[in-house]
Amino acid sequence: YAVVIVTYNRVNYLKKEIESLFNQKVRPKKIVIVDNCSSDGTEDYINTLLKFANNQVITYERMNKI
């Protein structure tokens, strides 16, 4: 299954949600994160996650404006 997460300035909730998804017995095959131009460090968090996790599960899309 796939999961789509839409977020805006909720990086702390996003961290918990992603952690929860990876801790499930049946993990999603794809996680798509749509960021509505957050200004709270969401982009930095996701880029760090993608860099160190080095996985093909997460796709990150950042919108140019709200």
Side-chain angles (χ1 to χ4, degrees):
Y1 69 96
V3 175
V4 177
I5 302 169
V6 180
T7 188
Y8 175 70
N9 286 342
R10 302 274 188 225
V11 71
N12 291 328
Y13 293 111
L14 182 63
K15 289 176 182 179
K16 291 177 185 178
E17 188 170 2
I18 291 172
E19 181 180 343
S20 174
L21 289 171
F22 282 123
N23 286 330
Q24 292 185 19
K25 287 185 180 182
V26 179
R27 293 181 179 177
K29 293 189 182 217
K30 192 70 167 173
I31 300 171
V32 178
I33 301 169
V34 180
D35 179 5
N36 285 324
C37 204
S38 295
S39 60
D40 66 344
T42 296
E43 184 176 24
D44 294 334
Y45 165 69
I46 295 298
N47 287 332
T48 300
L49 181 67
L50 292 173
K51 181 179 178 181
F52 290 109
N54 193 19
N55 63 51
Q56 301 297 318
V57 175
I58 297 175
T59 300
Y60 177 62
E61 296 294 329
R62 180 174 169 84
M63 310 309 285
N64 292 328
K65 60 181 180 176
I66 299 174

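- Between the Thr48 side chain and the Asp44 main chain, a donor and an acceptor come within less than 3.5 Å of each other.
- At most 12 heavy atoms of other shown residues, nucleotides or ligands fall within 6.0 angstrom of atom NZ in Lys16.
- When every heavy atom of Cys37 is checked against every heavy atom of Tyr8, the shortest pair comes out as O-CE1, 3.8 Å.
- The cluster map of Ile, Leu, Val, Met, Phe, Trp and Tyr, joined by side-chain heavy atoms under 4.5 Å apart, puts Met63 and Tyr13 in different clusters.
- A search for salt bridge (charged side-chain N to carboxylate O under 4.0 Å, His left out) contacts involving Arg27 returns nothing, not counting sequence neighbours.
- Between the side chains of Ser20 and Asn23, no donor N or O sits under 3.5 Å from an acceptor N or O.
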For this session: Test Asn36 against Thr7 for side chain to side chain contact (heavy atoms under 4.5 Å, CB included), laying out the working first.
Result: CA-CA 6 Å; Asn36 285 324; Thr7 188; over 6 Å; no
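- For the side-chain contact (heavy atoms from CB on, under 4.5 Å) with Leu21, the lone residue among Ile58, Ile5, Val57 that qualifies is Ile5.
- Listed for the Asp40 side chain is a donor-acceptor partner under 3.5 Å among the backbone atoms of Arg10.
- Screening Thr59, Val11, Leu14, Asp35 for a side-chain contact (heavy atoms from CB on, under 4.5 Å) with Ile46, the sole residue that qualifies is Leu14.
- Considering only heavy atoms from C-beta on, Tyr60 stays 4.5 Å or farther from Ile31 through its side chain.
- Cation-pi geometry between Lys29 and Tyr1 is not satisfied (NZ or CZ under 6.0 Å from the ring centre, within 45° of the ring normal).
- Distance check, rounded to the nearest 0.5 Å: CG of Asn47 to CZ of Arg62 gives 9.5 Å.
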